[in-house]
Amino acid sequence: MSQIAAPLLEVAGLVKSFVQRPSLAARLFGAPTRHVQAVNDVSFAVRRGETLGLIGESGCGKSTLGRCVLLLQSPTAGTVRFDGTDLATLDHHALRRMRKRMQMIFQDPYASLNPRRTVEEIVSLPLRIHERLSRGELRDRTATIIERVGLLPSQRDRYPHQFSGGQRQRIGIARALALRPDFVVCDEPVSALDVSIQAQIIELLRELRREFSLTYLFISHDLAVVGHLSDRIAVMYLGEIVEIADCRRLINEPRHPYTQALLAAAPRLDRSGPRAAHLGGDPPSPLAPPPGCKFHTRCPRAMPECRTIAPRPTRVAPDHHVACHLYGGAA
Ligand code: SF4
């Protein structure tokens, strides 16, 4: 991946909040409607041809961010530009055309595959919706992608329940790539699989990236998985990106105490960088995030100002940004 490649995706100031209404009984006792800020003022770019890994603990907002990027969920605020176009300015038809170029691979292939459809029907559905192909062309395009992801032509009349987890993820990948997209959000695509199968699927995604000139946003809670495929990595905590850097640099020279703690807890990565104590406790609830730096309740290096002042992203090296007061990131 060229370091000077132009951005294919640009996200600026993206916010996604959900309204959480109390039950009727709770309302009778005066419980208020609350707002959950799943994604809070996130900005980043993904360059054409690169893989940006997005890492963070479960519930930190990374999957919501991935869905907002594809407008599968509407952002509350902020902009998403794809190939130079602000997606919010597109009408229904233009957005539909743009969506052909932006696809998603889901975490749970079984839940995302219609159990009553055969593999051929599942994989060909996007082609039938978006492209006008003859019956023969449809069959050929479907067969080509099914075989390319490692399934046998004889398996195309089978149903999802007749496949293993790894094979089902191959079906999900074939469906995502059937329209030959430019950009794919991979949302925890291997986290439901055994480690040996994970390696095969990651290798397949790597091959397909090269072959189809794909750009990935690769979401995972597993730093080892993200590290295998990513050019750069963004680290997310409680709805915010706290560090973003070149993959090797982030792994060898993590700056944010949260990234350092994630690395300290990751069993399969090079640990030559600075060390920190393992993460203690659970992240605070997004319903009641702490003021100041959201990580201060778990940070071994927290200072008084961390409790009241939110740090802003600071450039600590070329292509390396950190949101932490240790590096002067005052709001
Ligand atoms: Fe820790 Fe303070 Fe940095 Fe937050 S801003 S990560 S609490 S040192």
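We're numbering straight along the sequence, starting at 1. As the structure lists them, so they are numbered: ligands from 1, and atoms in each ligand from 1. Excluded from the calculations below are hydrogen atoms, water molecules and symmetry mates; all remaining heavy atoms, backbone and side chain alike, are included.
Near atom 1 (Fe) of ligand 1, less than 2.8 Å away, sit the protein N, O or S atoms Cys299 SG.
Ring geometry for His256 versus Tyr258: interplanar angle over 60°, hence perpendicular rather than tilted (30 to 60°). Taking the six-membered ring where the residue is Trp, Phe82 and Phe183 present tilted rings, their angle falling between 30° and 60°.
When all heavy atoms of Ile309 and His325 are compared, the pair lying nearest together is O-NE2, 2.7 Å.
In this structure, the side chain of Arg141 does not engage the main chain of Ser124 through any donor-acceptor pair within 3.5 Å.
Here OG1 of Thr118 is found 3.5 Å from CD of Glu121. Values are rounded to the nearest 0.5 Å.
Tested against Thr89, the residues Thr85, Asp91, Leu87 include a single side chain to side chain contact (heavy atoms under 4.5 Å, CB included) partner, Thr85.
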